[in-house]
Participant: 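Below: one structure in structure tokens.
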Amino acid sequence: MSRRDIIRALAGLAGASLAAPVLAACGGEDNPASTAAPTATSQAGTGSGGSAATATSAAATPASTPAGTPAGAPATGTVGGSLTVYSGRSEQLIQAIVDQFAAASGVEVKVRYGDTAEMAAAILEEGQSSPADIFFAQDAGALGAVAREGLLAELPADVLDLVEARFRSPDGLWVGISGRARAVVYNTERLSESDIPPSILDFTDPVWKDRLGWAPTNASFQAAVTAIRVLRGDDVARAWLEGIRDNGARVFENNNAIVSAVIDGEIDAGFVNHYYLMRQLAEAGGDLPARNYIYRNGDPGALVNVAGAGILTTAKNQEQAIAFIRYMLSPEAQTYFAEETHEYPLVAGVPTDPNLVPLSEIQTPDIDLSDLADLEATLEMLRDVGLL
Amino acid sequence: MPQPTATPSTQPARASRRLWDGAPVPPLLVLPALVVALLMVAPLVYLVLRAAQAGPELFDLLWRDRTLMLIRNSLLLSAAVTAASAAIALPLAWLTVRTDLPGRRLWSVLTALPLVIPSYVGGYVLIAALGPRGVLQGLLEVIFGIERLPEIYGFFGAWLTLTLLSYPYVLLAVRSAMARLDPALEEAARSLGLGPWESFRRVTVPLLRPALLAGSLLVALYVLGDFGAVSLLRYDVFTRAIYNQYRGAFDRSLAAGLSLVLVAMTGVVLALEARARGRARYHRSTVGVSRPPTRVRLGRWTPLALAYCAAIVSVTLLIPIGVIIHWLIRGLRAGEPLWLVWSAALSSVSVSLAAAVVAVLAAAPIALMAVRHSSPLSRVLERLSYLGYALPGIVVALALVFFGSRYAPWLYQTLGILLVAYIIRFLPQALATLRAALMQVSPRVEEAARSLGHSPPRVWLRVTAPLAYPGILSAGALIFLTVMKELPATLLLRPTGFDTLATQVWSATAEGFWARAAAPALLLILLSAVPMAVTAWREGKSDG
């Protein structure tokens with residue numbers, strides 16, 4: 001054996017020994033389908049867990065041979081090709097529905113997951129050379145920031161029209177996919193619905209002393225404060241923050257911790273997004289002493305933010321991108337968001353969780369959601385009040 | 001095998017105004033060193049380009065009282081953490097190297113391990129454990145009926161977290177220097193009439209100074225650039241202001257402007273360290289082999305010393321791991337799947353290994369130049385490499401997003417650009433360790449090899465590298481574990497679909513799924529600990 005042969009043999013061995021555990025790992029419990037279709041979507045090996053991913057990454061194998069799309073797939077029609085999505089929504093929340101789209105359309109979908117704001121910064125840095133086709137953001141503010149630099153293309157009118165005007169860009173540059181309402185979560189053993197004051201601004205009443213919880217570092221909370229600023233002015237917002245602070249509201253790290261504290265009776269009520277309680281209820285089989293109260297009277301507390309998506313002007317896969325957004329607004333996907341992530345479906349006709357106030361009954365304050373990107377002054381105010 | 005030892009030769013090198021000074025530098029060193037330096041400058045170029053677009057608004061932003069407050073807070077935190085790290089690390093190093101402490105080698109492994117805990121996990125854990133209604137409060141409530149602990153948020157919490165997570169930088173540097181000290185020097189001092197304390201203060205401590213400074217520099221700059229701990233513990237420093245520009249205002253130009261201020265602060269810290277370091281030499285000036293150091297008998301102080309080590313280890317290691325296991329068990333009880341993806345573990349390990357090898361190779365020419373061919377140029381190159389280390393990870397990542405997507409699309413979002421990012425962010429860790437190791441290799445040995453007709457590269461490979469081998473290993477181990485836990489650059493630059501344990505921990509915690517984060521977090525800590533434990537164990541062995 002010559003020296004070169006030996007090196008080649010060793011390299012082969014090394015390759016095999018590296019590859020073996022990969023294959024073995026892919027065959028593990030987390031994602032049994034990925035050995036069958038390791039190249040189906042580049043997410044196949046990442047173990048999104050759950051049966052939807054399992055079913056679809058196998059079904060997505062025919063991506064390279066579009067003719068093989070399984071019969072009985074949803075009626076999106078076969079599109080084929082590939083698509084790159086930059087997602088500020090986490091893998092845990094959306095990979096399953098992305099896989100369903102891949103299976104239905106035959107599009108090979110590559111999803112990059114990251115923090116919404118950092119993704120937005122990356123898209124802005126990439127500018128004209130961005131490999132992304134779609135930006136799927138956790139909040140409207142980030143979409144607004146990317147749209148302001150002229151990097152989002154106008155969406156077709158029939159796609160936009162699926163969603164009410166208040167949940168999409170006024171210029172048609174992005175569209176909401178699912179709704180995330182602000183809510184007051186309260187302990188049902190300590191309070192009943194009638195105890196909740198008519199406006200969120202009334203929680204500054206001393207009667208609420210030492211009974212409240214909030215998470216000032218949370219992005220959704222900050223957006224809610226921005227909404228108060230935009231709707232009622234800085235003085236009202238500041239007075240509200242100071243009032244809640246002086247009421248001894250307990251500071252939590254995130255929404256989940258607030259919900260847990262309400263359930264445990266550590267506090268009576270807290271300011272959160274609606275779906276955290278929904279998730280805990282689903283896990284506990286619905287038997288928890290806590291409920292959401294959602295304002296519906298145009299109050300600053302009645303804010304409904306969205307997770308939404310836009311197509312980049314530089315997208316190389318326009319057709320696939322539009323198919324993706326259409327699919328996310330299809331009854332299948334909207335039902336998925338209603339049932340799995342416990343968010344509001346934004347398309348008419350898709351049933352909302354019966355535990356939630358229907359969107360049609362919520363009169364949201366008159367506000368352009370992309371304006372909530374103006375966070376800087378809010379952050380400054382939170383610091384001044386000593387909350388950051 | 002000849003044992004490299006530390007001895008200062010008393011004559012300081014003569015200051016020279018020439019660019020090249022001492023032995024001529026082989027181009028084989030200069031070229032790679034320049035390439036690496038060029039990489040290091042990339043973030044700086046990016047920041048200047050971006051900040052130039054900001055316009056007058058930038059001056060309004062910088063010209064506020066708040067800016068001054070942020071600078072003060074950042075420097076204060078950095079100084080306080082560095083001082084506390086040294087205060088924790090020096091006794092630990094001494095106890096594990098120079099005394100008959102029972103279980104010395106085990107302690108030397110355990111006390112180095114807090115480095116493997118990512119600061120974004122460490123911060124959460126500290127809050128969970130010591131927060132106003134955390135685990136400690138729960139215990140105290142049962143025993144003493146205490147319902148609420150004082151807030152740990154702000155300076156105190158940030159200082160505590162960062163100290164507990166970063167003191168091993170000082171410990172590792174000081175310990176390896178201490179292990180290689182020639183006891184003959186202290187003995188000479190004693191024989192000349194100095195008492196034990198005096199000889200420690202006047203002989204040993206000055207000999208440890210380069211190691212102490214190198215470790216402290218790593219800590220000080222790490223603190224300047226850290227975001228995870230300060231954001232969780234809510235202490236307002238410069239990195240938070242920079243992140244707020246990105247996250248809150250989506251304004252990259254202003255963020256770049258603020259980052260340049262951070263660069264300036266880094267420059268100040270580097271200048272201070274350079275002044276303190278001086279130009280003394282630390283290799284052994286005479287031939288011969290040093291003996292292992294003599295050990296101090298602790299006697300009746302043994303329990304106290306053990307209690308000290310145990311206290312440090314329980315706070316820095318047992319509490320975090322305990323809290324994570326608690327999350328894991330709670331999750332499993334609630335029916336969560338174990339959420340362990342072995343492919344992510346394999347990705348983490350392979351990319352970290354690759355980064356360790358590449359970083360050591362990239363640091364070697366700069367370290368060799370700095371130690372063997374010290375000149376203004378070599379010093380500039382060395383200092384440049386600290387730039388990326390003190391910048392928040394997102395700044396370095398966005399700089400590479402900018403350059404990569406525009407000028408190297410073939411490299412963009414590949415493992416290649418990820419490795420470049422790791423080098424830019426962490427090179428100083430390898431450089432500081434290598435430098436310290438090389439300083440203790442006598443150039444006389446290399447000269448002897450060269451006089452026997454070997455070319456310089458051959459001498460480095462056959463003589464220098466084997467002598468500096470322990471240093472090379474620790475440099476690699478340090479890079480390995482830092483890359484294992486790296487997050488901002490990994491998230492933004494990884495190939496699409498490339499998951500590591502760190503990204504999995506992030507992906508679970510971002511949605512508040514703590515139970516799901518627990519398994520990958522534990523695995524991350526365990527795997528990072530392996531090379532660190534092996535190096536620390538080896539080091540414990542070499543000094544008997």
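Convention: sequence-line order gives letters A, B, ...; per-chain numbering from 1. For the numbers below, each heavy atom of this structure counts, side chains included, while hydrogens, waters and symmetry mates do not.
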Participant: Does either side chain, that of A/S129 or that of B/R406, offer a donor lying less than 3.5 Å from an acceptor on the other one?
Facilitator: no
Participant: Pick one of side chain, backbone, both or neither for B/L493, based on which atoms fall under 4.5 Å of a heavy atom in chain A.
Facilitator: backbone
Participant: Is B/F403 close to chain A through its backbone or its side chain, or both, or neither, when contacts mean heavy atoms under 4.5 Å?
Facilitator: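 Contact with chain A involves no heavy atom of B/F403 at all.
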Participant: Of the backbone (N, CA, C, O) and the side chain (C-beta and beyond), which part of B/R50 lies under 4.5 Å from a heavy atom of chain A, both, or neither?
Facilitator: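 Just its side chain gets close to chain A.
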Participant: Checking B/P495 against chain A: side chain, backbone, both or neither under 4.5 Å from a heavy atom?
Facilitator: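 Just the backbone, heavy atoms under 4.5 Å.
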Participant: Using non-hydrogen atoms only, which part of A/A121 is less than 4.5 Å away from chain B: side chain, backbone, both, or neither?
Facilitator: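 Contact with chain B involves both backbone and side-chain atoms of A/A121.
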Participant: If you define the side chain from C-beta out and look only at heavy atoms, does anything of A/Y113 sit under 4.5 Å from B/S507?
Facilitator: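 The answer is no, as the side chains (C-beta and beyond) never meet within the 4.5 Å cut-off.
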Participant: Shortest non-hydrogen contact from A/A145 to B/F250?
Facilitator: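 Heavy atoms of A/A145 and B/F250 come nearest at CB-CG, 3.4 Å.
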Participant: Could you tell me whether B/R252 and A/E149 have a side-chain N and a carboxylate O separated by less than 4.0 Å?
Facilitator: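 Between A/E149 and B/R252 there is a salt bridge, with a charged N closer than 4.0 Å to a carboxylate O.
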Participant: For a 4.5 angstrom cut-off between non-hydrogen side-chain atoms, does B/Q413 reach A/R112?
Facilitator: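 A side-chain contact under 4.5 Å exists here.
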Participant: Give a yes or no on whether the backbone of A/E380 and the side-chain of B/R66 come within a donor-acceptor separation of less than 3.5 Å.
Facilitator: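 Pair absent, no side-chain N/O of B/R66 close to backbone of A/E380.
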Participant: So do the side chains of B/L491 and A/M119 get within less than 4.5 Å of each other, counting heavy atoms only?
Facilitator: no
Participant: Is there a side-chain contact between B/W506 and A/D115, using heavy atoms and a 4.5 Å cut-off?
Facilitator: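 Of all side-chain heavy-atom pairs linking A/D115 with B/W506, at least one is under 4.5 Å.
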Participant: Given that the side chain runs from C-beta out, which part of B/Y46 has a heavy atom under 4.5 Å from chain A: side chain, backbone, both or neither?
Facilitator: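 When you check distances to chain A, only side chain atoms of B/Y46 fall under 4.5 Å.
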Participant: Are any non-hydrogen side-chain atoms of B/Y243 and A/E118 less than 4.5 angstrom apart?
Facilitator: yes
Participant: Tell me, for A/L124 versus chain B, whether the close heavy atoms (under 4.5 Å) come from the side chain, the backbone, both or neither.
Facilitator: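 Interface part for A/L124: both.
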Participant: Roughly how far, to the nearest 0.5 Å, is CD of A/E126 from CG of B/L492?
Facilitator: 9.0 Å
Participant: Do A/L379 and B/R240 make a side-chain contact, defined as non-hydrogen atoms from C-beta onward lying under 4.5 Å apart?
Facilitator: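 Side chain of A/L379 against side chain of B/R240, heavy atoms only: no contact under 4.5 Å found.
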Participant: Mind running side-chain hydrogen bond (donor to acceptor under 3.5 Å, both in side chains) on B/S405 and A/E125 for me, showing each step along the way?
Facilitator: CA-CA 8 Å; B/S405 64; A/E125 278 314 343; over 6 Å; no
Participant: Counting only non-hydrogen atoms closer than 4.5 Å, does B/L398 touch chain A with its backbone (N, CA, C, O), its side chain (CB onward), both, or neither?
Facilitator: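 When you check distances to chain A, atoms from both the backbone and side chain of B/L398 fall under 4.5 Å.
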Participant: Counting heavy-atom pairs closer than 4.5 Å to chain B, which one of A/A257, A/S130, A/P131 comes out on top?
Facilitator: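 Maximum pair count with chain B is reached by A/P131.
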